[in-house]
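Note sheet for the following structure.
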Protein chains: 2
Amino acid sequence: MGKSKTLLFTPAQNELADLAKAMAHPARIAILQYLSNRKSCVNGTLVAELGLAQSTISQHLLELKELGLIRGSIEGATVNYCLNTERWQAVQSLFEGFFDQISATDHLNFCCD
Amino acid sequence: MGKSKTLLFTPAQNELADLAKAMAHPARIAILQYLSNRKSCVNGTLVAELGLAQSTISQHLLELKELGLIRGSIEGATVNYCLNTERWQAVQSLFEGFFDQISATDHLNFCCD
DNA sequence: ATAATCAATCGCAATATTACGATGAATTTA
DNA sequence: TAAATTCATCGTAATATTGCGATTGATTAT
């Protein structure tokens, strides 16, 4: 981020931006969609599914995990990842709140025509 | 993005990621919220509001503009920026579709406990 | 006309992200 | 036990993002 200026903004703004950042890469979108289709999955399955290296996917998974968007549990030699549905409900309402605020512009955009 | 791998993903995945990226910075969140509160605004007003340099804000505005999220119209020596509400409706439903897909996991997360 | 204001753009520096191969620790299979 | 599998982590390179000051072109005010 170059220099970080997070202190200039509210915690809510920073949190929303962080969550958006988690979705700001097509690989992570694809991972999340894949997880929503299966009961669970392992890293290796994703390597076959997406065209990325194992270490790259592991990194994306870590990013999603650190934000609490997914969870992983060790299952022998493999790891099962799945969506953290409670967390996603919170995320969804955060974004809904933002979208509502955006669309609650009670004025017409007469200024930009 | 290091090397870009957009070709690996669907257009829908790339589009969602691009839109998320637009929201992936607290300054841009703040700009959008500010625009939703006022009829319009100019770059200079934002410089006073946020603690960033004029050129930095101009850059953020450009990013939002390129995605069609805001529009600007020259008004003499100043520029009025405002939200592109039609565009935001489309964006909102894109994200809603994604969130619905995510929360439509008809299984319990028995795997990660 | 001259000065002041406004916002885009350029050039640059600092930092973050993305990606990969290699390595490592753990488990499983042979 | 030895080899193979699975996934995290490390190191590194390429690229993107963020931010600022300086400059520029345009408009407005004096």
Side-chain angles (χ1 to χ4, degrees), chain A residues 1-9 13-14 17-31 35 40-67 70-82 111-112, chain B residues 1-9 13-14 17-31 35 40-67 70-82 111-112:
Chain A
M1 204 197 273
K3 291 154 208 161
S4 201
K5 294 271 182 175
T6 52
L7 292 176
L8 291 177
F9 308 101
Q13 288 168 336
N14 284 317
D18 282 343
L19 289 170
K21 201 181 294 183
M23 295 187 267
H25 194 288
R28 291 195 289 273
I29 296 285
I31 288 173
L35 285 179
S40 63
C41 85
V42 292
N43 191 329
T45 318
L46 284 165
V47 174
E49 195 73 15
L50 318 174
L52 296 171
Q54 181 265 323
S55 58
T56 304
I57 289 174
S58 203
Q59 218 172 309
H60 284 304
L61 288 169
L62 179 64
E63 234 170 302
L64 294 171
K65 202 173 166 188
E66 280 177 339
L67 275 168
I70 64 174
R71 290 184 296 178
S73 70
I74 298 171
E75 190 92 22
T78 71
V79 178
N80 286 324
Y81 279 105
C82 62
C111 57
C112 308
Chain B
M1 205 196 273
K3 291 155 206 160
S4 199
K5 293 272 182 174
T6 52
L7 292 176
L8 291 177
F9 307 101
Q13 287 168 336
N14 285 317
D18 283 343
L19 289 169
K21 200 180 296 181
M23 294 187 267
H25 194 288
R28 290 194 291 273
I29 297 285
I31 288 172
L35 285 179
S40 65
C41 85
V42 292
N43 191 329
T45 317
L46 285 165
V47 174
E49 194 74 14
L50 319 174
L52 296 171
Q54 181 263 324
S55 58
T56 304
I57 289 175
S58 203
Q59 217 173 311
H60 283 304
L61 288 169
L62 178 65
E63 234 170 303
L64 294 170
K65 201 172 166 188
E66 281 177 339
L67 274 169
I70 63 175
R71 290 184 296 178
S73 70
I74 299 171
E75 190 92 21
T78 71
V79 178
N80 286 324
Y81 278 106
C82 63
C111 57
C112 307

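Throughout, a chain's letter reflects where its sequence line sits, starting with A, and its residues are numbered from 1.
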Heavy-atom neighbours of A/Leu62 CG exceed 12 at 6.0 Å: yes
N/O (side chain, B/His60) to phosphate O (OP1/OP2, D/dG19) under 4.0 Å: yes
Phosphate contact (C/dT17 OP1 or OP2) by A/Lys21 side-chain N/O below 4.0 Å: yes
Atom pair distance, as rounded to whole Å: CG in A/Leu61 and C1' in D/dA8: 11 Å
Candidates D/dT18, C/dT18, D/dC7 - which lies nearest the side chain of B/Arg28: D/dT18
First encountered from the 5' end of DNA chain C, between A/Ala77 and B/Ala77: B/Ala77
Distance in angstrom units between B/Gln59 CD and C/dC6 C1', rounded: 18 Å
A/Gln59 vs A/Ser55 side-chain heavy atoms within contact, under 4.5 Å: no
Geometric class of the A/His25/A/His60 ring pair [parallel <30°, tilted 30-60°, perpendicular >60°]: tilted
Sub-4.5 Å side-chain heavy-atom contact between A/Arg71 and A/Lys65: no
First encountered from the 5' end of DNA chain C, between A/Gly76 and B/Thr56: B/Thr56
Side chain to side chain contact (heavy atoms under 4.5 Å, CB included) assessment of B/Tyr81 paired with B/Leu35: CA-CA 8 Å; B/Tyr81 278 106; B/Leu35 285 179; 4.3 Å; yes
B/Ile74 CD1 - C/dT9 C1' separation (whole Å): 14 Å
Which nucleotide in C/dC10, D/dT6, C/dG21 has an atom nearest any side-chain atom of B/Ser55: C/dC10
Proximal nucleotide (of C/dA7, D/dC20, D/dT18) relative to the B/Ser58 side chain: C/dA7
Touch class at under 4.0 angstrom, heavy-atom based, for A/Thr78 against every strand present: sugar-phosphate
Rounded interatomic separation in angstrom, taking CD1 from B/Ile70 and C1' from C/dA8: 13 Å
Spacing of B/Glu75 atom CD relative to D/dT28 atom P, expressed in whole Å: 9 Å
Whole-Å gap separating C1' (D/dT18) and CG (A/Leu8): 13 Å
Selection from C/dT18, D/dC20, C/dA8 that lies nearest to any side-chain heavy atom of B/Ala53: D/dC20
Nucleotide C/dA7, atom P - distance to CG of B/Leu50 in whole Å: 13 Å
B/Leu8 vs A/Leu52 side-chain heavy atoms within contact, under 4.5 Å: yes
Nucleotide nearest A/Leu62 when distance is taken to its side chain, options D/dT9, D/dC7, C/dT9: D/dT9
D/dA8 base / A/Gln54 side chain donor-acceptor hit below 3.5 Å: yes
Length of the CD1-C1' vector between B/Ile57 and C/dT9, whole Å: 16 Å
Short side-chain N/O contact from A/Tyr81 to OP1 or OP2 of D/dT6, under 4.0 Å: no
Shortest side-chain distance from B/Leu52, nucleotide among C/dT18, D/dA8, D/dG19: D/dG19
